[in-house]
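Single-structure report; data block below.
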2 protein chains.
Amino acid sequence: MFTIGHFSKVTGLTVKTLRFYHEKGLLPPAAIDRESGYRYYDQGSLERARVIIALRGFEFSLEEIAEILARSSDEEDILDHLEKQKLVIAEKISRQKDLAATIDRILSTEREARTARLRSDGFQPEIKKIDAQLLAGIRVCGEYSEAGRVFGTLGRRLGRHIVGKALCLYYDGEYRESDANFEPCMPVRKAVEVEGITMHELPGQHCVTLMHSGPYEELGRSYEKVFDFAQSNKVEIELPTREVYFKGPGMIFKGNPQKYLTEIQLPIG
Amino acid sequence: MFTIGHFSKVTGLTVKTLRFYHEKGLLPPAAIDRESGYRYYDQGSLERARVIIALRGFEFSLEEIAEILARSSDEEDILDHLEKQKLVIAEKISRQKDLAATIDRILSTEREARTARLRSDGFQPEIKKIDAQLLAGIRVCGEYSEAGRVFGTLGRRLGRHIVGKALCLYYDGEYRESDANFEPCMPVRKAVEVEGITMHELPGQHCVTLMHSGPYEELGRSYEKVFDFAQSNKVEIELPTREVYFKGPGMIFKGNPQKYLTEIQLPIG
DNA sequence: CTTGACCCTCCACCTGCTGGAGGGTCTATC
DNA sequence: GATAGACCCTCCAGCAGGTGGAGGGTCAAG
């Protein structure tokens with residue numbers, strides 16, 4: 001016979017926990033002194049305690065543990081419980097993986113934005129090669145202000161498959177107040193089947209680019225600069241044009257529009 | 001201005017939760033009617049609510065969220081919080097993976113034991129090829145009764161690396177009450193560095209085998225049978241001999257010893 | 001002026017414990 | 001046989017992050 005303190009040392013459960021399990025009927029002491037109310041545990045309690053500890057390790061609730069203890073005395077009897085718990089755990093793992101990937105994405109985007117801003121003493125138009133990428137996007141016909149909501153949807157639907165910065169393709173050669181034809185996109189590693197999202201490969205191309213620093217309302221000025229540059233270099237611009245969001249409204253905060261960084265990319269022949 | 005019910009629909013937070021967040025000071029309404037006590041929310045509340053929802057999605061506690069909201073207004077400001085949360089999540093993932101692997105192992109062991117028992121109408125000694133396997137074990141010098149504790153240690157230390165059924169190597173050619181020389185082992189996929197555990201490759205070998213059904217106390221009878229078989233087939237037995245535990249005391253329940261299944265494997269030249 | 005949909009506060013409850021107050025009990029030593 | 005110190009008891013409160021309900025006030029439409 002163990003006193004509660006002794007039993008606590010043997011099992012590794014605290015005295016408080018043992019009293020709690022008694023109260024719940026999960027692990028009643030083998031005997032209770034009628035006079036003093038002292039609890040006494042025995043070898044049988046010890047075995048039961050070990051089972052409880054093991055099941056708790058598998059993240060069963062105390063209620064389930066009670067049910068299992070009432071019905072079963074062998075692993076064989078609880079295969080379905082284990083099967084169910086496995087699903088629960090698999091679910092959790094996939095959720096956590098999504099979270100981890102999303103956090104990683106935020107971290108690397110922010111770090112890149114920070115280094116990009118370091119050379120922000122004056123962004124100049126330039127011509128560079130942009131590599132091919134696989135994009136998952138949602139084609140929209142409407143106002144540009146809808147883009148935010150669409151990016152939200154993309155983020156939620158694609159989760160951990162996203163591997164780069166958000167970008168948007170513009171299929172009109174001009175600015176439009178309404179009926180604009182554009183496609184918010186996220187780069188993905190490999191094709192993902194998600195309802196309402198279309199995959200396509202953006203070819204590698206040379207582009208005239210310019211990093212725009214500041215709110216989207218002022219993008220016009222940067223577009224002017226970059227179009228001028230294209231014209232004076234006598235290059236033809238192809239559609240769709242692109243905007244890559246180095247820093248914009250984040251997944252958490254809207255942030256300060258003065259700090260937004262957007263790269264305009266105009267593909268050339 | 002939204003009433004609480006309206007705001008609840010917009011944000012997706014329940015009315016109860018909104019009142020709770022108000023009480024915690026996390027999301028105070030924009031205005032409160034002095035007469036009726038009605039809460040009214042505005043656009044600013046909406047933005048704050050969205051931030052809270054996003055942060056809660058990353059499994060920050062309400063306390064941390066409050067702290068973040070008080071200090072930060074851009075993803076850039078909370079990179080260290082995110083970094084920390086990433087570690088927390090990585091920790092959780094690895095724990096859950098271990099759990100999932102352990103549950104899988106129990107499931108497949110039990111299923112195998114079940115099918116093994118189906119042909120238990122009478123196990124007969126036979127000679128078969130046992131494939132090579134990589135083992136992680138703890139060499140023991142003492143009594144056989146210590147094996148249980150050692151298997152427990154192995155299970156805890158190796159976690160998800162275990163890929164098969166527990167087995168034990170016996171380096172004495174005989175039964176010993178004390179100073180027995182044996183090694184509880186777990187098969188692993190690849191070498192793992194764990195303190196106190198040694199890795200070694202068990203070579204593929206032909207063995208005389210016999211499945212023993214019942215408690216360990218009765219193993220002697222099966223050993224007799226299998227030794228007889230070896231002798232009548234004129235084969236030499238090599239050390240270490242092995243026992244493979246198809247079904248024994250489990251990780252959760254001790255189970256019924258009458259149902260234990262143990263395969264005796266005696267390697268032959 | 002009534003009806004029904006809202007809103008309010010306050011208290012209790014969920015899981016799986018932990019902490020503390022206030023008081024009794026056990027055992028060894030003096 | 002007294003006393004100290006370790007141990008045990010019950011009961012109440014509290015953690016996170018809410019949910020549920022009782023009992024009662026408010027608002028807008030018909």
Side-chain angles (χ1 to χ4, degrees), chain A residues 1-42 45 48-49 51-69 85 88-89 92 95 99, chain B residues 1-42 45 48-49 51-69 85 88-89 92 95 99:
Chain A
M1 285 296 214
F2 307 100
T3 63
I4 199 170
H6 191 176
F7 194 63
S8 155
K9 271 171 202 135
V10 176
T11 56
L13 297 165
T14 68
V15 170
K16 285 279 188 188
T17 301
L18 288 170
R19 289 204 265 254
F20 177 68
Y21 285 176
H22 176 195
E23 191 190 318
K24 292 262 135 183
L26 197 60
L27 181 57
I32 298 172
D33 187 306
R34 193 169 298 271
E35 300 264 286
S36 65
Y38 276 31
R39 295 169 178 83
Y40 294 97
Y41 295 86
D42 66 2
S45 321
R48 198 175 166 92
V51 174
I52 292 171
I53 291 166
L55 290 171
R56 216 184 37 170
F58 288 118
E59 307 196 344
F60 285 102
S61 69
L62 297 192
E63 200 186 332
E64 282 172 297
I65 292 176
E67 198 207 304
I68 288 174
L69 279 167
Q85 203 65 4
V88 171
I89 290 171
K92 281 194 202 168
R95 233 185 65 78
L99 279 187
Chain B
M1 286 296 216
F2 307 102
T3 63
I4 198 169
H6 191 176
F7 193 64
S8 154
K9 270 170 203 138
V10 176
T11 56
L13 299 165
T14 69
V15 169
K16 285 280 190 186
T17 302
L18 287 169
R19 288 205 264 255
F20 178 68
Y21 286 177
H22 176 196
E23 191 189 319
K24 293 262 136 181
L26 197 60
L27 181 57
I32 298 171
D33 188 306
R34 193 168 300 270
E35 299 264 285
S36 65
Y38 276 31
R39 295 169 178 84
Y40 294 98
Y41 295 86
D42 65 1
S45 322
R48 198 175 166 93
V51 174
I52 292 171
I53 292 167
L55 290 171
R56 218 185 35 171
F58 289 118
E59 307 195 342
F60 285 101
S61 69
L62 296 192
E63 200 185 332
E64 282 172 298
I65 293 176
E67 197 207 304
I68 289 173
L69 279 166
Q85 203 64 4
V88 171
I89 290 171
K92 282 193 202 169
R95 232 187 66 78
L99 279 187

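Note that the coordinates shown come from a computational prediction; the quantities given were computed from them, not determined experimentally. Sequence lines set the chain letters: A, B, ... in the order given, protein chains first and strands last, and positions in each chain run from 1.
- Ring planes of A:Phe7 and A:Tyr41: parallel class, angle under 30° (limits at 30 and 60°).
- The distance from atom CD1 of B:Ile65 to atom P of D:dG17 is 8 Å, rounded to the nearest whole Å.
- Spacing between atom CZ of A:Phe60 and atom C1' of C:dT15 amounts to 17 Å, rounded to whole angstrom units.
- Taking atom CG on B:Leu18 and atom P on D:dG17, their separation rounds to 16 Å, with Å as the unit.
- With rounding to whole Å, A:Arg34 atom CZ is found 16 Å from D:dC9 atom P.
- Among the atoms of the strands shown, only primed sugar atoms or phosphate atoms (P, OP1, OP2) are found under 4.0 Å from some heavy atom of A:Arg39.
- Across the protein-nucleic acid pair, A:Arg19 atom CZ and C:dG16 atom C1' stand 16 Å apart, rounded to whole Å.
- Distances shorter than 4.0 Å separate some side-chain N or O of A:Tyr21 from OP1 or OP2 on C:dC17.
- For the pair A:Ile53 CD1 and C:dG16 P, the computed distance is 15 Å after rounding to whole Å.
- Rounded to whole Å, the distance from OH on A:Tyr41 to P on D:dC7 is 16 Å.
- Of all the heavy atoms in A:Val15 and A:Gly5, the pair that sits closest is CG2-CA, 4.1 Å.
- Between B:Phe60 and B:Phe58, the ring planes lie perpendicular to each other; the angle is over 60°, past the 30° to 60° tilted range.
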Query raised in the report: Reading nucleotides 19-30 of chain D 5' to 3', which nucleotides get B (base under 4.0 Å from a protein heavy atom), which S (sugar-phosphate only), which -?
Result: SBB---BBS---

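- Interatomic distance, CG of B:Leu27 versus CZ of B:Arg19, reported as 13.5 Å (0.5 Å rounding).
- For the pair B:Arg95 and A:Glu59, the minimum side-chain heavy-atom distance is below 4.5 Å.
- Residue B:Leu62 places its side chain closer to D:dG18 than to any other of C:dT9, C:dC17, D:dG18.
- A straight line from CD1 of B:Ile52 to P of D:dG17 spans 12 Å, rounded to a whole angstrom.
- Taking side-chain N and O atoms only, A:Arg56 has no distance below 4.0 Å to OP1 or OP2 of C:dG16.
- Between the CZ atom of B:Arg48 and the CD1 atom of B:Ile65 there is a distance of 10.5 Å, given to the nearest 0.5 Å.
- Listed by chain and residue number, B:Arg56 satisfy the side chain to side chain donor-acceptor pair (under 3.5 Å) test with B:Tyr21 (two or more places apart in sequence, or in another chain).
- Two residues, B:Glu63 and A:Ile4, neighbour DNA chain D, and the one matched to the more 5' nucleotide by heavy-atom proximity is A:Ile4.
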